[in-house]
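Every value quoted in this text rests on a predicted model; they were computed, and no experiment measured them. Numbers here are sequence positions counted from 1.
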Amino acid sequence: MFASAFVLLCSCKEKEPELQYYQSPRTYDVVSFVEPPQDAEVRNVIIMIGDGMGLEQVSCAWVLNHGKLNFDNFPVVGLSRTWCTDALITDSGAGGTAIAAGQKTAYNHVGTAADTTDLYSVLVKARELGKKTGVAVTCHFADATPCDFCCHNEYRYNQEDLIADYVDCGVDYLAGGGTDWFTSVRRTDGRNIIEEMASAGYNVALTEEELLVAELPVIGILSPDNLPVAGERGDLFRNMVSRGLDLLSKGDNGFVMMIEGSCIDDWLHGNRIDLAMEELLDFDRTIGDVLEWAAADGHTLVVVTADHATGSLTLQDGNLEEGLIGVHFASEGHNGIAVPFYAFGPGSRAFGGIRENEDFGKLIDSFVK
């Protein structure tokens with residue numbers, strides 16, 4: 001038996017995995033600033049989610065940018081376990097809901113508990129306290145994570161129902177993609193949710209130019225499906241986030257905003273290291289913008305995490321000076337490895353350590369007052 005096992009192990013070692021090599025076409029400098037005092041009042045909370053982004057993906061991005069990332073500015077780092085109530089390996093519905101509402105739920109649920117009762121995200125609590133709320137994502141609005149914060153359904157692929165939930169979600173600033181999901185291009189019920197959003201009082205922006213001059217409440221739906229890939233959209237995502245910060249910060253009681261680098265996950269599912277890394281690097285540049293804004297504001301807690309990791313990625317070769325990585329994907333799905341989280345600003349020292357994703361959500365909620 002032992003001999004057979006040894007032969008099997010030797011046989012496996014002889015098979016070298018095929019590696020994908022990638023160098024990013026550009027690098028960038030990271031931001032620098034002075035962190036605000038820990039005991040300053042927390043008026044605003046910004047939650048940033050890199051969908052599918054595990055430690056392995058962040059490590060690859062660090063090499064591609066020649067050993068520097070805006071992630072490096074976070075003084076507090078921890079790990080979050082991502083399992084859901086009925087599966088060891090979560091999806092973005094259950095994983096995002098735990099972050100949004102501070103409670104684990106079942107696979108494929110968005111904004112609902114395992115027993116299908118509604119769970120209310122931190123955005124709802126913020127609104128009830130008189131705070132402004134916002135969401136900016138690179139995916140279409142029918143995708144799981146924005147729905148985790150704005151909608152309720154026991155099945156994340158009931159997308160017609162989920163899109164209809166936005167009409168009454170009450171979120172002040174919404175920016176993402178997916179005009180097709182709001183109209184008869186994808187809907188079978190004859191409803192035009194874009195028109196319904198306008199009737200509900202939203203200013204509807206269908207281009208970046210319109211979004212940058214629209215006032216609250218506003219929904220920017222800036223592409224037929226997901227936003228264009230990172231290499232083609234320029235600073236669109238960063239501008240969406242910047243406009244959200246400008247508008248939401250005009251309120252008297254502070255704000256809570258969720259920002260997602262959604263399409264990191266999509267390209268990891270496709271085992272496209274080039275497109276996945278460009279999404280992550282754009283997310284990191286956006287993190288830099290947010291950190292600079294928060295440092296200047298002095299009263300903003302910024303937390304960054306992932307809902308799960310995707311692709312069973314390993315970094316097996318490369319060159320730091322050249323910004324070159326050689327990676328191997330072991331799957332096209334999610335995995336159960338704990339994901340990192342990062343915290344910056346007043347209150348950030350309460351974070352750190354190893355936590356369940358629902359505990360991480362509860363900790364975020366505790367700073368919304």
Phe351 and Phe74 aromatic centres sub-6.0 Å
no
Of Trp267, Tyr22, Tyr21, the residue whose pairing with Asp274 passes side-chain contact (heavy atoms from CB on, under 4.5 Å):
Tyr22
Could you tell me if Asp51 and Ser92 have a donor-acceptor pair between their side chains, going purely by distance under 3.5 Å?
yes
Going by atom types alone, do Tyr155 and Asp161 pair a side-chain donor with an acceptor below 3.5 Å?
no
Mind checking what makes side-chain hydrogen bond (donor to acceptor under 3.5 Å, both in side chains) contact with Glu260, not counting sequence neighbours?
Thr145, Ser262
Going by salt bridge (Lys or Arg N to Asp or Glu O under 4.0 Å), name the pairs with one or both residues in residues 122-134, residues two or more places apart or in two chains.
Lys125-Asp365
Hey, does the side chain of [X] reach the backbone of [Y] with a donor-acceptor pair shorter than 3.5 angstrom?
| X | Y | result |
| --- | --- | --- |
| Thr305 | Ile49 | no |
| Ser121 | Ala100 | no |
| Asp180 | Arg186 | no |
| Ser242 | Asn239 | no |

With side chain to side chain contact (heavy atoms under 4.5 Å, CB included) as the criterion, how do Ser348 and Leu301 come out once you've worked through the C-alpha distance, each side chain's angles and the decisive distance to 0.1 Å?
CA-CA 7 Å; Ser348 61; Leu301 170 65; 4.1 Å; yes
Would you call Glu35 and Arg349 a salt bridge, taking side-chain N to carboxylate O under 4.0 Å as the test?
yes
For Arg233, is there an ion pair with Glu279 - N to carboxylate O distance below 4.0 angstrom?
yes
May I ask you to establish whether Arg285 and Tyr28 are in a cation-pi arrangement, using a distance under 6.0 Å from NZ or CZ to the six-membered ring centre and at most 45° from the ring axis?
yes
Please assess Val58 against Met53 for the test side chain to side chain contact (heavy atoms under 4.5 Å, CB included), listing each intermediate value before the final yes or no.
CA-CA 7 Å; Val58 176; Met53 182 192 74; 3.7 Å; yes
Return the [atom1] to [atom2] distance between [X] and [Y], rounded to the nearest 0.5 Å.
| X | Y | atom1 | atom2 | answer |
| --- | --- | --- | --- | --- |
| Asn153 | Asp165 | CG | CG | 7.0 Å |
| Glu358 | Thr97 | CD | OG1 | 12.0 Å |
| Asn108 | Cys84 | CG | SG | 8.5 Å |
| Ile221 | Thr179 | CD1 | OG1 | 7.0 Å |
| Glu56 | Leu268 | CD | CG | 8.5 Å |
| Ser184 | Ile193 | OG | CD1 | 11.5 Å |

Only one of Glu209, Glu215, Glu210 clears salt bridge (Lys or Arg N to Asp or Glu O under 4.0 Å) with Arg243; which?
Glu215
Taking atom NZ as the centre, does Lys369 end up with more than 12 heavy-atom neighbours from other residues, nucleotides or ligands that are less than 6.0 angstrom away?
no
Quick check on Leu19: does its CG atom have over 12 non-hydrogen neighbours (other residues, nucleotides or ligands) under 6.0 Å away?
yes
According to the interplanar angle, ranging from 0 to 90°, do the rings of His334 and His269 count as parallel (below 30°), tilted (30 to 60°) or perpendicular (above 60°)?
tilted
Thr27: which residues meet the side-chain contact (heavy atoms from CB on, under 4.5 Å) condition with it, sequence neighbours left out?
Asn65, His66
Assess the residue pair Val110 and Asn158 against the criterion (side chain to side chain contact (heavy atoms under 4.5 Å, CB included)); give the C-alpha distance rounded to whole Å, side-chain angles, the decisive distance to 0.1 Å, and a yes or no.
CA-CA 10 Å; Val110 288; Asn158 288 335; over 6 Å; no
With side chain to side chain contact (heavy atoms under 4.5 Å, CB included) as the criterion, how do Gln20 and Asn271 come out once you've worked through the C-alpha distance, each side chain's angles and the decisive distance to 0.1 Å?
CA-CA 9 Å; Gln20 290 187 42; Asn271 287 181; 4.2 Å; yes
Only pairs at least two apart or in different chains count here, so list each ring pair (Phe, Tyr, Trp, His ring centres under 6.0 Å) that has a residue in residues 83-125.
Tyr120-His152
With a 4.5 Å cut-off on side-chain heavy-atom distances among I, L, V, M, F, W and Y, is there a chain of contacts connecting Val241 to Val303?
no
Taking distance alone, no hydrogens or angles, what donor-acceptor pairs closer than 3.5 Å link side-chain atoms of residues 319-330 to residues at least two apart or in another chain?
| from | atom 1 | to | atom 2 | distance (Å) |
| --- | --- | --- | --- | --- |
| Asn319 | OD1 | Glu321 | N | 3.0 |
| Asn319 | OD1 | Glu322 | N | 2.9 |

Could you pull out all donor-acceptor pairs under 3.5 Å where a side-chain atom in residues 245-256 meets a protein atom, sequence neighbours excluded?
| from | atom 1 | to | atom 2 | distance (Å) |
| --- | --- | --- | --- | --- |
| Ser249 | OG | Leu245 | O | 2.7 |
| Ser249 | OG | Asp246 | O | 3.1 |
| Asn253 | ND2 | Gly130 | O | 3.2 |

